[in-house]
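Below is one structure, written out as structure tokens, with a few remarks after it.
Predicted model, so just to flag it, every value in this text is computed and none were measured. Heavy-atom basis, side chains included; hydrogens, waters and symmetry copies ignored.
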Amino acid sequence: MFQYTFNMAQTLAIAIILLLIGRYIKAKISFFEKFFIPAPVIGGVIFAIFTLIGHSTNSFTFAFDGNLKDLLMIAFFTTIGFLASLKMLKKGGIQVFIFLAVAVLLVIIQNLAGVGMAKMFGLNPLLGLAAGSVPLTGGHGTSGAFGPVLEAAGAHGALSVAIASATFGLVAGCMIGGPIAKRLMIKHQLKSYDEETPLYTDETLEKDTVQNASEATIFKAIVFIAISMGIGSFVGPFAKTFGVTLPPYIGPMLIAAIFRNIFDSSKKELPLHSINIIGNISLQLFLAMALMTMRLWELAALALPLVVMLVVQTIIMALYAHFVTFNIMGRDYDAAVLATGHCGFGMGATPNAMANMETFTTANGPSPNAFFVIPLVGSLFIDFVNAAIITLFINIFG
């Protein structure tokens with residue numbers, strides 16, 4: 001068997017090539033664009049299938065330097081911490097708080113269901129988290145970050161399970177959202193608001209200053225990210241002394257959130273635009289590296305349990321959106337639009353939620369409230385809370 005270990009520079013080069021391949025395929029095939037399948041997922045899965053062939057034929061195998069992947073993961077989640085503004089949460093009003101609570105409850109239910117089904121199949125309960133809120137509410141980024149953590153805790157194949165579940169969730173969330181909202185609209189005879197109805201708009205929020213990225217702002221962003229990562233690296237070992245295991249990015253993310261709220265309270269500006277650019281690039285490269293190292297052969301023994309778990313999670317999401325999200329968010333047209341958005345949000349990612357709502361409101365009328373609430377919760381807060389809940393579950397069942 002031919003074996004080769006790629007060094008850091010070679011690993012980065014392969015990841016970039018796969019990212020470019022994924023972008024090309026996504027631009028050519030409408031299915032991937034429609035369901036917001038990330039480009040690094042496409043390229044990474046193609047390479048993972050290639051390595052699966054090598055493993056199955058016992059002809060070749062590859063290993064990769066993982067140091068840069070880990071650094072990019074921590075950098076991305078550190079940039080997420082800079083989005084956790086308590087001032088923005090307060091500005092959003094009561095609906096944002098309510099929907100955040102609804103989303104957090106779903107995270108807990110997804111994990112309880114996943115752990116319960118994993119035990120039912122005689123699997124490591126942590127594999128249930130890999131088919132719970134890690135890939136569903138969390139998406140591919142959280143899957144790539146927590147997959148190795150779950151594997152280190154004893155859940156063999158957790159990364160492959162989480163990535164596969166995240167991809168399934170992107171498609172399933174888009175498929176169930178529209179029918180659920182349509183049924184709610186017909187059943188409760190809901191109608192969109194007319195132009196005279198007062199609605200929330202993006203102007204309700206105090207907007208961050210949008211800055212053009214320059215060498216100065218990017219350097220300033222790197223300074224804040226690097227300092228947050230450095231200080232935050234002490235949080236995990238400190239928590240370990242109390243018997244609490246934290247993923248390596250939790251500390252940097254917390255420090256970044258502290259920086260954000262200190263700057264908010266002192267009315268000073270952070271280079272958020274440049275921070276977001278660095279975060280997006282880090283995520284793209286991290287995902288490509290995480291997916292190209294997937295061991296797809298580990299999914300074979302988990303095929304039936306995984307399918308059952310994901311089908312059950314889809315049913316849970318549909319029922320939750322119909323009976324919980326809709327009722328708690330007000331039982332009106334906005335609530336129906338939030339329900340379809342929550343299907344995309346709770347099974348996939350915020351862009352899927354936006355796509356669900358855009359499709360529904362184009363046919364049935366506008367809902368500015370829904371378009372205000374979901375991006376705020378999805379972009380600023382849910383990743384932060386989800387990571388904390390997943391960490392709690394790992395410490396309970398690990």
Side-chain angles (χ1 to χ4, degrees), residues 1-29 32 37-78 124 126-127 130 134-135 139-168 229 233 247-249 278-303 306:
M1 175 185 285
F2 175 76
Q3 297 178 320
Y4 189 81
T5 299
F6 294 96
N7 63 29
M8 183 184 295
Q10 293 166 340
T11 300
L12 176 61
I14 293 172
I16 290 175
I17 291 171
L18 294 175
L19 176 58
L20 294 174
I21 291 172
R23 288 183 176 182
Y24 177 81
I25 294 174
K26 183 175 180 179
K28 294 294 183 181
I29 301 177
F32 297 115
I37 307 297
V41 172
I42 301 169
V45 168
I46 290 174
F47 191 85
I49 293 172
F50 176 65
T51 58
L52 173 63
I53 294 172
H55 178 271
S56 301
T57 58
N58 201 34
S59 54
F60 61 85
T61 181
F62 300 126
F64 300 89
D65 185 293
N67 292 321
L68 185 58
K69 181 185 74 173
D70 295 340
L71 178 67
L72 290 168
M73 174 194 70
I74 295 171
F76 164 68
F77 279 99
T78 302
N124 188 315
L126 295 181
L127 278 175
V134 171
H140 286 91
T142 304
S143 298
F146 272 100
V149 175
L150 295 173
E151 291 187 348
H156 184 67
L159 175 61
S160 298
V161 169
I163 295 296
S165 300
T167 304
F168 172 90
M229 291 168 62
S233 66
Y249 67 79
I278 294 170
N280 289 335
I281 294 173
S282 298
L283 175 62
Q284 296 279 310
L285 294 175
F286 161 66
L287 279 179
M289 291 181 185
L291 270 73
M292 73 189 198
T293 57
M294 271 200 312
R295 300 178 294 272
L296 290 178
W297 51 90
E298 294 176 345
L299 288 175
L302 299 171
L306 181 58

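- Here CG of Leu52 is found 9.0 Å from OG1 of Thr57. Values are rounded to the nearest 0.5 Å.
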Per-pair distances, 0.1 Å, donor-acceptor, side chain in residues 16-29, under 3.5 Å, sequence neighbours excluded:
{"residue": "Lys26", "atom": "NZ", "partner": "Ile37", "partner atom": "O", "Å": "3.3"}

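- Residues Ala130 and Pro135 share a closest heavy-atom pair of O-CG, 3.2 Å.
- To the nearest 0.5 Å, atoms CE (Met8) and CG (Leu12) are separated by 9.0 Å.
- A 4.5 Å side-chain heavy-atom check between Ile49 and Leu296 finds at least one atom pair inside the cut-off.
- Val41 is listed as a side-chain neighbour of Thr167, based on a closest heavy-atom distance under 4.5 Å.
- In this structure, CG on Leu287 lies 11.5 Å from CD1 on Ile42, to the nearest 0.5 angstrom.
- Relative orientation of the His55 and Trp297 rings is parallel, given thresholds of 30° and 60° on the angle between their planes.
- Listed by first then second residue, pairs satisfying salt bridge (Lys or Arg N to Asp or Glu O under 4.0 Å) with a partner in residues 51-66 number zero, not counting sequence neighbours.
- Two residues are said to be in side-chain contact when any heavy atoms from C-beta on lie closer than 4.5 Å; Asn124 and His156 fail this criterion.
- A distance of 4.5 Å separates CE in Met229 from CG in Leu71, rounded to the nearest 0.5 Å.
- The ring-ring contact (aromatic ring centres under 6.0 Å, His included) search around Phe286 returns none, not counting sequence neighbours.
- A search for side-chain hydrogen bond (donor to acceptor under 3.5 Å, both in side chains) contacts involving Ser282 returns nothing, not counting sequence neighbours.
- Under the rule for a side-chain hydrogen bond (donor to acceptor under 3.5 Å, both in side chains), the partners of Glu151 that lie at least two apart in sequence or sit in another chain are Arg295.
- Using modelled atom types, no side-chain atom of Thr142 and backbone atom of Gly139 make a donor-acceptor pair closer than 3.5 Å.
- Leu299 has its side chain within reach of Val161: a pair of non-hydrogen atoms, C-beta onward, lies under 4.5 Å apart.
- The two residues Gly144 and Ile163 have their closest heavy-atom pair at N-CD1, 4.2 Å.
- Looking only at side-chain heavy atoms (C-beta outward), Met289 and Leu72 come within less than 4.5 Å of each other.
- Annotation for Ala158 and Leu150: closest pair CB-CB, 3.6 Å, computed over non-hydrogen atoms.
- Smallest separation of non-hydrogen atoms from Phe62 and Phe50: CE1-CE2, 3.7 Å.
- Of the possible polar contacts, none joining the Gln284 side chain to the Ile281 backbone as a donor-acceptor pair under 3.5 Å is found.
- In terms of heavy atoms, Ala162 sits closest to Ser143 at O-OG, 3.4 Å.
- For the ring-ring contact (aromatic ring centres under 6.0 Å, His included) test, residues two or more places apart in sequence or in another chain that qualify with Tyr4 are Phe6.
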Yes or no on side-chain contact (heavy atoms from CB on, under 4.5 Å) for Thr11 and Lys69, after CA distance, side-chain angles and deciding distance?
CA-CA 9 Å; Thr11 300; Lys69 181 185 74 173; over 6 Å; no
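- Summarising the geometry of Phe76 relative to Leu283, their closest heavy-atom pair is CD1-CB, 3.6 Å, with the distance given to 0.1 Å.
- Note on ring orientation: taking the six-membered ring where Trp is involved, the planes of Phe47 and Phe64 are perpendicular (angle over 60°, cut-offs 30° and 60°).
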